[in-house]
Participant: 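I'd like to ask some things about the structure below.
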Amino acid sequence: MASRRRGAWDRRQFLYTAAGVVAAAAAEPARGDERPPTAIPRATSGDAVEPKWEQRLTVTVGQREADLVGKDDKAIQAAVDYVARLGGGTVHVLPGTYRLRNAVYLQSRVRILGSGAESILVKEASQTCKLAADSDWYDQEITLTDAKGFRVGDGVCLRARNPDTKGLTVAKRVLVARSGNRFKLDRPLRENFWLMGEATVSTLFPILSGENIADVVIEDVTLDGNKDNNENLDGNYAGCVFLQDCNRVTMRKVTARKYNGDGISWQICHDVVVEDCHSHDHAGLGLHPGSGSQRPVMRGNRLHGNDIGLFFCWGVKSGVAEKNVIEDNRSYGISIGHRDTDNLIRDNDVLRSGKVGVLFRPERGKAFAPHRNRLEKNRVVDSGADSGIGIDVQGETESITLEKNQLRETRKPSSRVGIRLGAQTRDVRLIDNQTEGFAVSVSDLRKP
């Protein structure tokens with residue numbers, strides 16, 4: 001009897017407890033998007049929701065009458081580090097030409113604000129020499145054959161051929177101490193740079209560089225790569241702006257010009273916004289949303305005189321490219337390929353591309369192709385030479401929509417093609433596109 005009474009009490013207690021839990025849950029405030037807004041925000045430790053402050057920390061850098069006076073990367077870097085230490089704010093680069101022997105290393109929650117065409121950051125001419133001694137992966141120093149032109153504080157790039165794979169090994173470092181031709185580096189090498197791999201060191205670096213940072217703004221500044229006096233360093237390592245593993249970066253009204261590599265490059269960076277920028281006359285790419293970058297927005301930019309205007313790298317997804325003027329690029333206006341999916345390319349002017357206006361790159365198989373992308377309301381004019389193509393969809397690309405694009409050829413038709421669909425493409429929807437002046441409006445190489 002006692003056990004039965006105890007069991008009944010346990011059941012009643014369970015029901016009462018369960019009812020209390022349900023009642024308490026019903027009394028809780030709504031969750032997710034239904035949460036009430038913060039009516040009167042306060043600065044609270046760790047909370048991103050803050051009041052709209054009337055004034056925030058700003059430090060000026062200038063060549064006279066500024067908080068920090070100077071005309072090189074050291075003055076700008078000092079301002080960035082100071083503002084970052086206090087939790088963020090603006091570094092205002094006043095008018096003048098600033099000559100850089102190293103990158104300006106960006107930090108989280110710091111805004112770089114220039115003075116438009118009057119604030120110019122110029123990369124100094126590069127120097128290159130061979131290493132005079134082997135450096136192993138655990139070393140933190142290098143020995144140069146000729147140290148002329150190299151200084152403590154310089155940003156450098158080491159390059160060597162792997163003796164086994166023959167691939168190129170690259171490391172970016174800073175020279176921090178010196179004895180004769182021997183230099184200490186800011187960090188260990190973590191790669192082998194051996195004489196048998198023809199190891200070299202060059203004073204090559206991005207103008208603005210960011211790694212593992214977030215909530216950054218770069219605005220209204222001119223970046224000059226001094227291409228004619230610098231060796232090439234491709235966009236996987238550098239550019240006028242180079243970002244790696246960053247989040248929530250906005251670039252607005254930035255002029256990036258004449259870098260012997262890419263203009264603006266970001267790798268594995270999410271929620272990057274590039275708008276109203278001018279990226280031109282680079283050896284490489286105008287805009288390079290790099291591998292694994294999610295949700296980039298590229299809007300209202302002018303990209304010209306590059307090898308490729310806009311290059312979607314590997315695995316760029318859910319991006320938007322709209323209202324850009326992409327003109328007079330040597331190879332392609334827009335190139336999209338390896339696992340770049342679910343992107344929208346809309347309302348752009350793609351003019352006078354050297355080979356193809358918009359290229360869907362052929363990849364190594366269906367699993368690597370750029371599926372589910374949409375091109376709409378673009379204007380593609382005068383693409384390529386005599387055999388040029390306006391929009392070329394190659395490889396095993398599937399589920400592409402081309403809608404209401406205007407493709408025009410104002411020169412002689414020759415053997416030019418408006419839209420070409422490769423033999424292995426599938427489910428390419430052509431909706432209300434207009435073609436004019438081509439020898440062939442649509443070349444469909446697929447089997448019936």
Side-chain angles (χ1 to χ4, degrees), residues 57-86 89-107 110-129 144 147-157 172-178 183-187 201-211 213 216-231 233 237-243 251 254-261 263-264:
L57 176 65
T58 298
V59 173
T60 58
V61 179
Q63 300 183 3
R64 58 182 182 277
E65 297 180 357
D67 295 324
L68 290 173
V69 176
K71 54 180 67 175
D72 58 15
D73 54 280
K74 296 180 179 66
I76 302 173
Q77 189 67 60
V80 169
D81 294 346
Y82 177 81
V83 169
R85 185 174 64 83
L86 295 177
T90 296
V91 173
H92 187 186
V93 182
L94 300 179
T97 297
Y98 301 81
R99 307 198 70 87
L100 276 61
R101 297 189 65 89
N102 196 2
V104 174
Y105 296 93
L106 306 171
Q107 296 212 42
V110 174
R111 175 192 184 206
I112 302 292
L113 173 64
S115 304
E118 297 181 338
S119 294
I120 306 171
L121 279 58
V122 180
K123 187 191 179 305
E124 288 281 27
S126 66
Q127 302 286 333
T128 296
C129 79
L144 280 58
K148 182 180 179 181
F150 291 83
R151 304 179 190 173
V152 170
D154 282 353
V156 296
C157 177
K172 295 181 293 183
R173 295 293 186 267
V174 180
L175 306 180
V176 297
R178 176 181 185 176
F183 286 87
K184 182 181 179 181
L185 307 173
D186 63 319
R187 291 176 290 146
V201 59
S202 304
T203 52
L204 294 174
F205 48 84
I207 295 176
L208 298 180
S209 180
E211 297 189 21
I213 58 174
V216 171
V217 176
I218 306 167
E219 192 168 7
D220 212 25
V221 66
T222 299
L223 311 174
D224 190 328
N226 192 11
K227 180 174 64 177
D228 293 341
N229 297 298
N230 277 272
E231 287 193 21
L233 183 57
Y237 305 101
C240 284
V241 179
F242 178 79
L243 305 172
M251 289 169 268
V254 173
T255 295
R257 67 192 186 198
K258 299 181 181 179
Y259 196 91
N260 201 345
I264 300 175

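Along the sequence shown, the residues carry numbers beginning at 1.
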Participant: Can a donor-acceptor pair be found, under 3.5 Å and without considering hydrogens, that links the side chain of Arg151 to the backbone of Arg101?
Facilitator: no

Participant: Check this for me: Lys172, atom NZ, are more than 12 non-hydrogen atoms of other residues, nucleotides or ligands nearer than 6.0 Å?
Facilitator: yes

Participant: Is the closest side-chain donor-acceptor distance between Gln107 and Asp81 under 3.5 Å?
Facilitator: yes

Participant: For the CD1 atom of Ile120 and the CG atom of Leu100, what is their distance to the nearest 0.5 Å?
Facilitator: 12.5 Å

Participant: Give, for atom CG of Asp72 and atom OG1 of Thr97, the distance between the pair rounded to the nearest 0.5 Å.
Facilitator: 13.0 Å

Participant: Going through the checks in order, is the side-chain contact (heavy atoms from CB on, under 4.5 Å) test met by Ile218 and Leu106?
Facilitator: CA-CA 10 Å; Ile218 306 167; Leu106 306 171; 3.8 Å; yes

Participant: Using the rule given for side-chain contact (heavy atoms from CB on, under 4.5 Å), can you reason through Val110 versus Ile213, listing the C-alpha separation, both sets of side-chain angles and the distance that settles it, and then say yes or no?
Facilitator: CA-CA 10 Å; Val110 174; Ile213 58 174; over 6 Å; no

Participant: Asp154 pairs by side chain to side chain contact (heavy atoms under 4.5 Å, CB included) with which of Leu175, Val174, Val176?
Facilitator: Leu175

Participant: Got a donor-acceptor contact below 3.5 angstrom from the Ser115 side chain to the Val93 backbone?
Facilitator: yes

Participant: For the residue pair Asn260 and Leu204, establish whether any side-chain heavy-atom pair is separated by less than 4.5 Å.
Facilitator: no

Participant: Roughly how far, to the nearest 0.5 Å, is CG of Leu144 from OG1 of Thr128?
Facilitator: 10.0 Å

Participant: How far apart are the closest heavy atoms of Cys240 and Ala256, and which atoms are they?
Facilitator: CB-CB, 3.7 Å

Participant: How far apart are the closest heavy atoms of Ser126 and Thr203, and which atoms are they?
Facilitator: CA-OG1, 3.2 Å

Participant: How close do Phe205 and Ala103 get, counting heavy atoms only, and between which atoms?
Facilitator: CD1-N, 3.4 Å

Participant: Is there a side-chain contact between Val254 and Leu208 in this structure, where contact means two heavy atoms from C-beta onward sitting under 4.5 Å apart?
Facilitator: no

Participant: Hey, could you give me the OG/CD1 distance between Ser119 and Ile112, rounded to the nearest 0.5 Å?
Facilitator: 11.0 Å

Participant: Considering only heavy atoms from C-beta outward, does the side chain of Leu113 approach that of Thr58 to under 4.5 Å?
Facilitator: no

Participant: Minimum heavy-atom separation for Tyr259 to Leu233, with atom names?
Facilitator: CE2-O, 4.1 Å

Participant: Grab the two heavy atoms, one from Val61 and one from Ala79, that are nearest each other, plus how far apart they are.
Facilitator: CG2-CB, 3.5 Å

Participant: By salt bridge (charged side-chain N to carboxylate O under 4.0 Å, His left out), which residues pair with Asp224, not counting sequence neighbours?
Facilitator: Arg257

Participant: OG1/Thr255 to CD1/Ile264 distance, rounded to the nearest 0.5 angstrom?
Facilitator: 9.0 Å

Participant: Measure the NZ-CG distance between Lys74 and Asn102 for me, rounded to the nearest 0.5 Å.
Facilitator: 8.0 Å

Participant: Tell me, yes or no, whether the heavy-atom count around Lys227 atom NZ, taken from other residues, nucleotides or ligands under 6.0 Å, exceeds 12.
Facilitator: yes

Participant: Taking all atoms of both residues into account, what is the closest heavy-atom pair of Gln77 and Tyr105, and its distance?
Facilitator: OE1-N, 2.6 Å

Participant: Quick one: salt bridge (charged side-chain N to carboxylate O under 4.0 Å, His left out) partners of Arg99, sequence neighbours excluded?
Facilitator: Glu124

Participant: Return each pair, listed once, that meets side chain to side chain donor-acceptor pair (under 3.5 Å) where at least one residue sits in residues 62-71; pairs must be two or more places apart or across chains.
Facilitator: Thr60-Asp67

